[in-house]
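The block underneath contains the structure these notes are about, expressed in structure tokens.
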Amino acid sequence: MKTWVRQHRQAFVSALARLRRTTSLFSVFVIGVALSLPAGGYALLAGLSDVAARITPEPQVSVFLTTEAAEEDTKATLAALKADVRVASVQFVPRESALKSLAEVQGMREVIDALGANPLPDAFLVRLKEPAEEAFVAKAAGLPGVAHVQADTAWAARLAALTGIARLVVWALAAVLGAGLVAVTFNTIGLQVLTQREEIEVLKLIGATDAFIHRPFYYLGLLQGLMGGLVALAIVWVGLALLNTEAAPLAASYGSDFRFPGLTPGDAAAIAIFAALIGWLGAYLSVRRRLAEAEPGRK
Amino acid sequence: MVSFSAVAKRYPGGLTALHDATFSIDAGELVFVTGRSGAGKSTLLKLIPAIERPTTGTVIVGGQNVGALKRSAVPYLRRNIGLVFQDQKLLYDRSVYDNVVLPLAFSGHSPREAARRARAALDKVGLLGRERANPIQLSGGEQQRLAIARAVVNRPAILIADEPTANLDAESALRIAEIFIAFHQVGVTVLIATHDETLVERYGRRVLQVEAGRVSELTRS
């Protein structure tokens, strides 16, 4: 056990020494830049997902009446809505009240004044017990005096769907770049093996096992990937800080203090581990292929 | 200790370097392998630590059939065999000490024990005090002595040297030979491939002659 630990320590120290060489540092930078794309995308999506989660409330439907709807129609529709078992609550919004609310929106007062008459209809705000808007919308559309029914959560669902697609793109990007980075590490470690070919041949002649010879290269790949991951995290951190600086005035104009939250410690650790594993995999594939060529007696 | 039985070695491309070689070497023997360049001396020596595998026949080393040995078992066979080459195969980006201590890095010795053995090996070849030097700073004879120190630091049962004195002046060659004799005298089995007649004349108790891949015992008068 002591020997095993000592040999791993030796391999680690040897890998650290090799990491200082230019080609390895260059690879670290390449890995960092490449990984910062999916990592940054992930961080942005995490922020947007937060927003989507916050603004997706309980299922809500707006039922707009025609401007010509009679009072009997309004009462009948209200009664039908209240009688529906899917409905949690119904709030009547008179057209005057809707106009008043609209007028409070910046820049709308002039538009309303220009119109002269109130163009808005009476409406009901209906909160549903469960998200079953589509069936409810179809039924509500047939009630007396109803002109239009709108599921207010539909746009939030679309945002959630778009976020899902974007997340898929980020994962695909991570997979493709991950494969590319395995190739980068494969080449870097392959070059290291070539430059150390004489040493490897001597080690084999004097009785070193394959594991002893492979180990420093595995550590090198692992360290290279890990450092690349840390570079990626640094790039994402700086990028988000700059983005938040620029986005703060925009968010403030909407009365929001929204900021992209950045990566959680768990996310950051996952990215660093992912990068380290990519480095190790590239090293593993490269060493398996190249070291067979360094067998003594083989030309 | 070493036994060849009807061993042949054919390389890809058709070259047959060894034909029907049969001989055995007892533990503690000193054997010279002679013959012209290209006669098959190096191939014969390479078969012992499994650098090459026999095409036909059987090579037994320390009771192990080298031809049937799994790849993963080869390092453990080689740890029991000290190898010295004409071109030394030293690592020139490491110090003299680091070259010698290298075989102990994976054989389970504590750093203190490794240091003790490395210094003892360097002492035996007359290089104690040059530990921090780079091998490139050493003369040809010193580099060969360093290669011997590395070969013996693991205390192998067999010491194999392929043309160890080929590029050395007579005095250095003699000194190298004396080192091998000293190891032979403490019970190490020593095989030396050489075409240096002086060495063979002086120390050759047993000589294997290799000619065009055929091995024969040379009867000395």
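Computed from a prediction, not measured in an experiment: that's the story for all the values here. The chains referred to below are lettered A, B, ... by the order of the sequence lines, with proteins before strands, and numbering in each begins at 1. Only this structure's heavy atoms are used, side chains among them; waters, hydrogens and symmetry mates stay out.
Applying the 6.0 Å contact sphere to OH of Tyr42(A) captures no more than 12 heavy atoms from other residues, nucleotides or ligands. Other residues, nucleotides and ligands place more than 12 heavy atoms under 6.0 Å from the CD atom of Glu178(B). Within a 6.0 Å sphere centred on CD of Glu113(B), heavy atoms belonging to other residues, nucleotides or ligands number more than 12.
For His184(B), the ring pair (Phe, Tyr, Trp, His ring centres under 6.0 Å) test picks out no residue, with sequence neighbours left out.
Taking 4.5 Å as the limit, some side-chain heavy atom of Asp210(A) sits within range of a side-chain heavy atom of Arg71(B). When side chains are defined from C-beta on, Val202(A) counts as touching Arg150(B), because their heavy atoms get closer than 4.5 Å.
Contacts between residues 4-14 of chain A and chain B, counted as heavy-atom pairs separated by less than 4.5 Å, involve Arg6(A), Gln7(A), Gln10(A). For a heavy-atom cut-off of 4.5 Å, chain A lies close to Arg79(B), Leu83(B), Phe85(B), Lys89(B), Leu91(B), Asp93(B), Arg94(B) in residues 79-98 of chain B.
Applying the side-chain hydrogen bond (donor to acceptor under 3.5 Å, both in side chains) test to residues at least two apart or on different chains, none of the pairs has a partner in residues 174-185 of chain A.
In this structure, chain A has heavy atoms under 4.5 Å from both the backbone and the side chain of Pro103(B).
The line from CD1 of Ile206(A) to CZ of Arg78(B) is 11.0 Å long, rounded to the nearest 0.5 Å.
Applying the side chain to side chain contact (heavy atoms under 4.5 Å, CB included) test between Pro75(B) and each of Thr209(A), Ile213(A), Leu203(A) identifies Thr209(A) as the sole match.
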